[in-house]
Colleague: 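Structure incoming, see below.
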Amino acid sequence: MDNNKITVSVIKADVGGLCGHTLAPEDLLEACEGVLEEAVDELIIDYYVTRCGDDVDLIMTHKMGVDNEKIHKLAWNAFEEATKIAKELKLYGAGQDLLAECFSGNVRGLGPGCAEMEFVERPSEPIVVFCCDKTDPAAFNLPLYKIFADPFNTAGLVFDPSMTSGFAFEVHDVIGSKKVILNTPEETYSLLALIGDVERYAIKRVYRRRDNEIAAVVSTEKLNYIAGEYVGKDDPVAVVRAQSGFPAVGEILEPFANPHFVAGWMRGSHWGPLMPVGEEDATPSRFDGPARIMALGFQLADGMLIGPNDLFADKGFDKAREKALEMADIIRRMGPFQPHRLPSGMMEYTTVPKVLEKLKDRFEPLDDEPKKLEKCRDRGDVE
Ligand code: 13P
Ligand code: 13P
Ligand code: MG
Ligand code: MG
């Protein structure tokens with residue numbers, strides 16, 4: 001453990017909604033704050049607790065490094081306390097993301113999502129913490145590409161000499177449990193070939209190539225594969241470092257001015273727009289959505305979290321919200337048809353196999369048209 005280094009850990013879980021999957025009420029945030037408050041000075045330096053929809057986000061700073069058992073146990077305890085309240089209040093899906101009976105080692109694989117990075121705090125260390133609901137980690141593929149590899153988004157890629165050597169993207173194959181690092185700008189096309197497939201690939205980390213400094217990290221836990229059955233979308237969080245050799249705060253926010261379609265929304269089974277919102281508006285309800293993303297800006301001061309500045313509350317994002325709602329109207333018209341509905345491999349909650357099981361004896365073979373063609377070919381009637 002390098003004591004010069006600060007770790008930012010953002011750990012999130014859905015432990016119950018008021019009502020349905022819409023919102024984590026204040027009582028749950030207070031329960032988490034109670035647990036984290038007791039750990040200040042002992043384990044953590046500072047914390048901020050918030051929620052996006054039904055997901056509770058614990059933003060913590062400390063000096064224990066990433067994947068630290070004590071920090072993860074602390075988050076687990078906070079979620080357990082909140083779950084007790086959620087159960088008392090009979091909130092919907094109480095304890096939804098705490099899949100294990102007990103904590104073991106770290107929260108990865110147990111249900112909660114986590115995004116953590118360790119670095120030496122710069123003289124001024126601005127960071128942006130993104131929290132989402134009703135979508136999945138690959139929702140960050142497009143914006144992270146734009147932030148760190150698209151000069152039309154990020155002027156700094158052209159103008160800031162410490163960024164011109166580009167960024168390295170650590171891409172996870174979340175189905176095959178493999179990872180690969182791709183360097184931009186020269187491997188841009190290979191990177192896009194992978195991350196454009198949001199079913200399989202998710203960006204986990206981004207590094208600045210000049211000095212290998214960590215620039216961004218995303219939670220990529222896939223609840224559906226962990227639990228083996230639908231237990232809610234793995235609504236992600238991410239941390240991005242800003243300014244002085246990293247993209248400016250405004251460059252980090254810019255991709256969200258033009259909302260993109262992400263997987264999630266109702267029953268984790270639909271495409272829909274990702275709407276940037278302030279903390280007050282992170283309250284998805286229409287068709288359980290549309291998917292939300294909040295951006296909280298902090299300055300670190302010796303690990304203290306100064307802020308947040310609720311960045312998407314800016315009027316500059318009003319038009320993005322309007323556009324997102326128009327996109328929502330357009331795609332909602334498709335109802336249960338693709339492309340509103342996700343392809344079956346991406347649906348996190350489907351009864352289609354049960355429908356098929358019920359109908360299996362009623363299926364009849366189609367006329368064998370291809371065989372007819374083969375016969376004609378044998379006779380030399382067709383090429
Ligand atoms: P300031 O001149 O306000 O520091 O802004 C520089 C910058 O990076 C704007 O994106
Ligand atoms: P969450 O993943 O936010 O719990 O939502 C699940 C769902 O079914 C929404 O309709
Ligand atoms: Mg939920
Ligand atoms: Mg959620």
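For the single chain, residues carry numbers from 1 onward in sequence order. Counting starts at 1 for both ligands and their atoms, in listed order.
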Colleague: Should you measure from each heavy atom of Asp235, which atoms of ligand 2 turn up under 4.0 Å away?
Modeller: 1 (P), 2 (O), 3 (O)

Colleague: Within a distance under 4.0 Å of any heavy atom of Met266, pick out the atoms of ligand 2 and give their elements.
Modeller: 10 (O)

Colleague: For Asp46, is there any backbone N or O sitting under 3.5 Å from a side-chain donor or acceptor partner on Thr61?
Modeller: yes

Colleague: Can a donor-acceptor pair be found, under 3.5 Å and without considering hydrogens, that links the side chain of Ser269 to the backbone of Leu342?
Modeller: no

Colleague: To the nearest 10 degrees, calculate the angle at the Mg ion (ligand 3) involving OD2 of Asp14 and ND1 of His21.
Modeller: 170°

Colleague: With a 4.0 Å cut-off on N to O distance, would you call Asp173 and Arg200 a salt bridge?
Modeller: yes

Colleague: Please could you name the atoms of ligand 2 that Arg267 approaches to less than 4.0 Å, counting only its heavy atoms?
Modeller: 7 (C), 8 (O), 9 (C), 10 (O)

Colleague: Below 4.0 angstrom, N of the basic side chain to O of the carboxylate: do Lys360 and Glu357 qualify?
Modeller: yes

Colleague: Which distance, rounded to the nearest 0.5 Å, do you find between the CZ of Phe287 and the CH2 of Trp265?
Modeller: 7.0 Å

Colleague: Which of the N/O/S atoms in Asp54 sits closest to the Mg ion (ligand 3)?
Modeller: OD2

Colleague: I need the nearest protein heavy-atom contact for atom 6 (C) of ligand 1: residue, atom name and distance, please.
Modeller: Gln243 NE2, 4.7 Å

Colleague: Do Glu125 and Arg122 sit within salt-bridge range, that is, some charged N less than 4.0 Å from a carboxylate O?
Modeller: yes

Colleague: Which residue in the set Asp55, Asp54, Asp14 passes side chain to side chain donor-acceptor pair (under 3.5 Å) when paired with Gln96?
Modeller: Asp14

Colleague: What is the nearest protein non-hydrogen atom to atom 9 (C) of ligand 1, stated with its residue, atom name and distance?
Modeller: Ala248 CB, 4.6 Å

Colleague: Hey, is atom 3 (O) of ligand 1 touched by any protein heavy atom at less than 4.0 Å?
Modeller: no

Colleague: Heavy-atom contacts with Gln96 under 4.0 Å: which atoms of ligand 2 show up? List them by number with element.
Modeller: 4 (O)

